[in-house]
Trainee: 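What follows is a structure written as structure tokens; I'll ask about it next.
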Amino acid sequence: MESTQAYIQSNKERFLKELIDLLRIPSVSADPAFAGDVRKTAELLAAGLENVGADNVEICETAGYPIVYGDKIIDPSLPTVLVYGHYDVQPADPIELWISPPFDPVIKKTDIHPEGAIFARGACDDKGQMFMHVKAFEAMIKSGSLPCNVKFMIEGEEEVGSENLGLFVKNNHDRLDADIILVSDTGIFANDVPSITTGLRGLSYVEVEVTGPNRDLHSGLYGGCVANPINILSKMIASLHDENNKITIPGFYDKVIELSDEERSEMAKAPFKKEGYLKALDIEDVYGETGYSTMERGSIRPTLDVNGIWGGYTGEGAKTVIASQAFAKISMRLVPDQDPKEITQLFYDHFISIAPLGTRVKVTPHHGGEAAVTPIDSIGYKAASMAYEKTFGKKPIPVRSGGSIPIVAMFEKELGLKTILMGFGLDSDAIHSPNEHYGLFNFYKGIETIPYFFSYYSKLVKS
Ligand code: BES
Ligand code: MN
Ligand code: MN
């Protein structure tokens with residue numbers, strides 16, 4: 001292991017340069033204008049895997065963007081780790097809020113990252129984290145210390161719902177046969193508080209449309225006489241939470257698994273500092289469901305949030321008009337055992353039922369996914385815990401995250417495999433936001449920690 005770590009130390013600068021090359025390509029999966037760039041990223045990644053010694057490297061075509069596959073089978077009798085990640089990124093907009101261009105990576109120091117962070121779209125989510133695995137693999141190969149088999153499956157459609165990955169997994173059970181899945185697409189609590197993600201929320205996402213009169217109307221001539229779709233949509237949305245910030249959709253909480261007092265007090269041990277949280281977001285207080293802490297509201301409780309709302313006149317000056325239509329995009333973050341399809345249906349039925357006469361409502365479901373929890377008494381978790389302890393000098397704490405990676409539940413269903421969520425990002429890294437960044441500390445810590453996971457995992461499986 002010394003030689004692996006020494007290899008990492010002496011190749012650090014190059015690893016960073018290679019990540020920067022990857023970050024320069026705008027692989028935005030949501031916007032067809034970037035289709036060529038998304039493909040280019042897949043090609044660069046495949047070449048990178050091949051260069052460092054992966055076998056069977058293939059750009060696997062799908063109905064959408066390709067999946068990059070590669071493996072190294074050193075001995076079929078040894079355990080196999082399947083590494084999953086994504087090379088696509090979120091759109092960069094609003095571009096004007098970026099301090100430096102999103103696809104022109106620069107390294108800057110911040111309060112949280114005094115040793116510097118790399119600023120670029122995808123730096124943390126997920127190119128920077130996915131690439132740690134490629135470099136850790138390289139270090140293990142070049143230092144002759146790879147202790148087990150590895151398979152890579154890096155997709156290009158995670159940020160748009162992983163629909164084609166689902167099909168790929170269904171059709172490639174043999175090729176993807178493994179003992180465990182390893183993913184770095186989450187975070188740690190803080191750079192001095194290592195943690196392992198033990199849960200992800202599910203997701204149900206809908207778009208709603210409220211239509212009133214058949215055309216836009218003069219707000220003086222018709223105001224007060226007809227249902228104004230924007231007023232109505234606002235009212236309907238406001239009614240989805242009660243005075244305790246509980247969601248009012250009938251049946252919404254029916255399948256929610258409540259945590260035991262013991263689990264909740266275990267969770268409360270995480271060193272969450274409210275003052276720092278408020279200061280970082282420049283808010284006076286937190287807001288949420290009565291009876292739950294901020295950590296709980298953001299992980300073990302389901303939520304409903306408007307992600308976008310539009311309609312009517314939004315240009316310069318004042319135009320007196322009642323718009324014919326109003327729209328919103330709404331996400332619901334789900335927890336075990338809520339079923340995204342069922343929740344979408346409950347939303348649908350409820351939303352239509354609360355629309356007043358004089359309006360018509362349309363609800364269009366988007367992609368969704370199930371929540372996932374991972375046990376902390378598995379060999380994989382133990383190996384990850386030992387690896388973090390080795391490189392951070394502290395035992396990591398288990399933390400449930402509020403984000404979603406729907407394929408984790410799908411992997412378990414389809415392949416019968418558990419996932420270890422070995423992330424290294426920070427919540428403050430601004431993923432999906434302008435000025436996304438990834439700490440150099442985190443990037444290198446990840447590359448150092450991953451080989452220890454491989455080594456401990458192989459040993460624990462054998463024993
Ligand atoms: N990597 C994130 C999810 C994440 C981030 C989980 C941090 C835990 C901690 C992933 O790329 C993502 O953004 N997922 C989407 C869902 C997807 C279906 C678009 C999300 O959570 O909004
Ligand atoms: Mn991600
Ligand atoms: Mn993301």
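In this chain, residues are counted from 1 in sequence order. Note that the structure is a prediction, hence the values are computed from the model and not measured. Whatever order the structure lists them in is the order used to number ligands and atoms, beginning at 1.
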Trainee: Are any of the side-chain heavy atoms of Tyr456 and Glu389 separated by less than 4.5 Å?
Mentor: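 SC-SC contact between Tyr456 and Glu389 ruled out.
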Trainee: A side-chain contact here means heavy atoms from C-beta on lying under 4.5 Å apart; do His133 and Ser184 qualify?
Mentor: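 Yes, at least one pair of side-chain atoms sits under 4.5 Å.
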Trainee: Quick check on ring-ring contact (aromatic ring centres under 6.0 Å, His included): which of Phe454, Phe152, Phe15 does Phe137 satisfy it with?
Mentor: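 Between Phe137 and the candidates, ring-ring contact (aromatic ring centres under 6.0 Å, His included) is satisfied uniquely by Phe152.
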Trainee: Among all protein heavy atoms in this structure, tell me which lies nearest to atom 4 (C) of ligand 1, with the distance rounded to 0.1 Å.
Mentor: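 The protein heavy atom lying closest is Asp185 O, 3.6 Å.
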Trainee: Might you point out which heavy atoms bring Val134 and Leu45 nearest each other, and give the distance in Å?
Mentor: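 For Val134 versus Leu45, the nearest heavy atoms are CG2-CD1, 4.4 Å.
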Trainee: Could you check Phe189 against Met295 for side-chain contact (heavy atoms from CB on, under 4.5 Å), going step by step and ending with a plain yes or no?
Mentor: CA-CA 11 Å; Phe189 195 86; Met295 287 267 294; 3.8 Å; yes
Trainee: Any idea which heavy atoms bring Thr41 and Ser27 closest together, and the distance?
Mentor: OG1-CB, 3.4 Å
Trainee: Show the atoms of ligand 1 that are less than 4.0 angstrom away from any heavy atom in Ile431.
Mentor: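 Selected atoms, number and element: 5 (C), 7 (C).
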Trainee: List in chain and number order the residues that pass salt bridge (charged side-chain N to carboxylate O under 4.0 Å, His left out) with Arg400, two or more places apart in sequence or in another chain; answer none if no residue qualifies.
Mentor: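 So Arg400 forms no salt bridge (charged side-chain N to carboxylate O under 4.0 Å, His left out) with any residue.
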Trainee: Does even one non-hydrogen atom of Gly369 get within less than 4.0 Å of ligand 1?
Mentor: no
Trainee: What do you reckon, does His86 have a nitrogen or oxygen under 3.5 Å from a nitrogen or oxygen of ligand 1?
Mentor: yes
Trainee: Can a donor-acceptor pair be found, under 3.5 Å and without considering hydrogens, that links the side chain of Thr449 to the backbone of Lys445?
Mentor: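 Yes, Thr449 side chain to Lys445 backbone: donor-acceptor pair under 3.5 Å.
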Trainee: Is it the case that ligand 1 has an N or O less than 3.5 angstrom from some N or O of Glu158?
Mentor: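 Right, the criterion is met.
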Trainee: Taking the six-membered ring of Phe119 (Phe, Tyr or Trp), confirm whether the NZ or CZ of Lys108 is under 6.0 Å from its centre and within 45° of its axis.
Mentor: yes
Trainee: For atom 6 (C) of ligand 1, grab the closest protein heavy atom and report residue, atom and distance to one decimal in Å.
Mentor: Gly403 CA, 3.7 Å
Trainee: Are Trp310 and Lys329 packed together at the side-chain level, in the sense that at least one heavy-atom pair is separated by less than 4.5 angstrom?
Mentor: yes
Trainee: If the threshold is 4.0 Å, N to carboxylate O, is there a salt bridge linking Glu43 and Lys40?
Mentor: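 A salt bridge is absent here (no side-chain N lies under 4.0 Å from a carboxylate O).
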Trainee: Does Ser162 approach ligand 1 within less than 4.0 angstrom via side chain, backbone, both or neither, non-hydrogen atoms only?
Mentor: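 Neither; no heavy atom under 4.0 Å.
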Trainee: For ligand 1, is there an N or O atom under 3.5 Å from any N or O atom of Asp125?
Mentor: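 Yes.
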Trainee: Return the closest protein heavy atom for atom 9 (C) of ligand 1 as residue, atom name and distance.
Mentor: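 Here the nearest protein heavy atom works out to Ser401 OG, 3.4 Å.
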Trainee: Let's test this: below 2.8 Å, count the protein N/O/S atoms around the Mn ion (ligand 3).
Mentor: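 The number of such protein atoms is 4.
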Trainee: Under 4.0 Å from a heavy atom of Pro406: which atoms of ligand 1 are those, numbered in the order shown and with their elements?
Mentor: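 That gives atoms 18 (C) of ligand 1.
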Trainee: Look at atom 15 (C) of ligand 1 and say which protein heavy atom is nearest, naming residue and atom and giving the distance to 0.1 Å.
Mentor: Ser404 O, 3.6 Å
Trainee: How about Phe424 and Tyr388: are their ring centres within less than 6.0 Å of each other?
Mentor: yes
Trainee: Who's the nearest protein heavy-atom neighbour of atom 22 (O) of ligand 1, and how far?
Mentor: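 Ranking protein heavy atoms by distance from atom 22 (O) of ligand 1, first comes Arg333 NH2, 2.7 Å.
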